[in-house]
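Report on one structure; see the data block that follows.
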2 protein chains.
Amino acid sequence: MTQNETFVYQLLCDADRPLSAYNILDALRDKGIRAPLQVYRALAKLVERGAVHRIESVNGFVACQLHDCGGNEVSIFMLCTQCERAHEFTNISIDSRLQSLSNDLGFQVAHKVIEITGRCADCQTAQTAAPKH
Amino acid sequence: MTQNETFVYQLLCDADRPLSAYNILDALRDKGIRAPLQVYRALAKLVERGAVHRIESVNGFVACQLHDCGGNEVSIFMLCTQCERAHEFTNISIDSRLQSLSNDLGFQVAHKVIEITGRCADCQTAQTAAPKH
DNA sequence: ACAGCTATGTTATATTATAACATTCCGAAA
DNA sequence: TTTCGGAATGTTATAATATAACATAGCTGT
Ligand SMILES: [Zn+2]
Ligand SMILES: [Zn+2]
Ligand SMILES: [Zn+2]
Ligand SMILES: [Zn+2]
């Protein structure tokens, strides 16, 4: 892992929500990172290697939260609109059904995206406990 | 449906692939549409009403290809990187598994995205029939 | 006529991503 | 050791996507 990749990866591991490339850029200015391309290049490598996932729904990036999700299962992200956290899951059954749907249609899969947007359990209970008046 | 919405919707229905907001803007200049916001506003309404879907993976928009997909099933899009076409499907089994995964976790679902990127059957056979040397 | 609402239009700006080109670094081959 | 070549890095500029802020027009019910 190169130096810039390490900086970006560490930052994403420490973050509790997806960060945009420009969030990362701002956070790493003092590490000598000054231009968007430096961030995008590091992200491209990290994503390619499965250490980081791109979250399409929010144009953001998160460090992989699972061991070896680089297998052939798709990751499922639940994205809370309130706390902005992203939780990563895998589900063999969903993945195999998607795969067989693709196979049935002769579609050659390169990449799958499953993202669910909504409110996480924590945020629901938090709001129930302290409702706004 | 307002005039701008009609223009945008018709264009998307005629298109054979997802269009970006700026594709739409360029195509509708002669209809009097001059600014991105006019397009984005029409798209927001159309998406809200389920007539149009946003494709996160390509920052594009397509007219709904199914009758009444506005039920509670999620749409599954297969996106061909070669011909750029988007095919829309529903699958009750995949949807219900996603839903029960969310329920188990206490996650309150607002929106689901399932997008599969790859090569469609047509493009595979086309390339097989006429390979590049 | 008036108030309130929706749609529309316009300009400017924010956010996300890539192109094009120059430079540096480092290991392998000569 | 020198030199070659690839990988990484840095820099500037620009493309592509999306929204903010404000002004205007039209329509509806009172
Ligand atoms: Zn992962
Ligand atoms: Zn939350
Ligand atoms: Zn649909
Ligand atoms: Zn195709």
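Here the structure is a predicted model, which is why all the values come from computation and not from measurement.
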Residues forming a side chain to side chain donor-acceptor pair (under 3.5 Å) with A/Asn23, sequence neighbours excluded: A/Ser20
Derivation of the side chain to side chain donor-acceptor pair (under 3.5 Å) call for B/Arg119 and B/Gln124: CA-CA 7 Å; B/Arg119 277 171 79 228; B/Gln124 288 172 61; 5.4 Å; no
Net bend of the helix from C/dA1-D/dT30 to C/dA30-D/dT1, end axes of five pairs each, nearest 10 degrees: 20°
Residues from residues 11-24 of chain A lying under 4.0 Å of DNA chain C - heavy atoms: A/Ser20, A/Tyr22
Summary of protein contacts for nucleotides 22-28 of chain C, nucleotide by nucleotide, where a base hit scores B, a sugar-phosphate-only hit scores S (4.0 Å, heavy atoms): -------
For B/Phe77, ring pair (Phe, Tyr, Trp, His ring centres under 6.0 Å) partners two or more places apart: B/His53
Connected via hydrophobic side-chain network under 4.5 Å: A/Val62 and A/Val47: no
Full working for side-chain contact (heavy atoms from CB on, under 4.5 Å) between B/Cys120 and B/Met78: CA-CA 8 Å; B/Cys120 72; B/Met78 300 211 183; over 6 Å; no
Opening and closing nucleotides of DNA chain D in contact with chain A, under 4.0 Å to non-hydrogen atoms: D/dA8 to D/dT12
Protein-nucleotide distance (A/Ile55, atom CD1; C/dT16, atom P), rounded to Å: 14 Å
Sequence-distant partners of B/Glu5, side chain to side chain donor-acceptor pair (under 3.5 Å), two or more places apart: B/Thr2, B/Arg49
Protein-nucleotide distance (B/Asn4, atom CG; C/dT6, atom P), rounded to Å: 17 Å
Any pair counted as ring pair (Phe, Tyr, Trp, His ring centres under 6.0 Å), so long as it reaches residues 7-45 of chain A, sequence neighbours left out: none
Interatomic distance, A/Gln38 CD vs C/dC21 P [rounded to whole Å]: 19 Å
CG/A/Leu105: more than 12 non-hydrogen atoms of other groups inside 6.0 Å: yes
Side chain to side chain donor-acceptor pair (under 3.5 Å) partners of A/Arg54, counting only residues at least two apart: A/Glu56, A/Asn59
Protein-nucleotide distance (B/Tyr40, atom OH; C/dT15, atom P), rounded to Å: 15 Å
Whichever of A/Ala35 and A/Lys45 has its nearest DNA chain D nucleotide further upstream toward 5': A/Lys45
Residue pairs fulfilling side-chain hydrogen bond (donor to acceptor under 3.5 Å, both in side chains) with at least one residue in residues 29-39 of chain B, sequence neighbours excluded: B/Asp26-B/Arg29
Set of residues satisfying side chain to side chain donor-acceptor pair (under 3.5 Å) with respect to B/Arg97, sequence neighbours excluded: A/Ser93
Flag, side chain of B/Gln108 to backbone of A/Gly118, donor-acceptor distance under 3.5 Å: no
Sugar-phosphate only, base, or nothing, as touched by A/Arg41 at under 4.0 Å among non-hydrogen atoms: base
Qualifying residues under salt bridge (charged side-chain N to carboxylate O under 4.0 Å, His left out), relative to B/Asp16, sequence neighbours excluded: B/Arg85
Which residue lies more 5' along DNA chain C, comparing B/Arg34 with B/Asn59 via nearest heavy atoms: B/Arg34
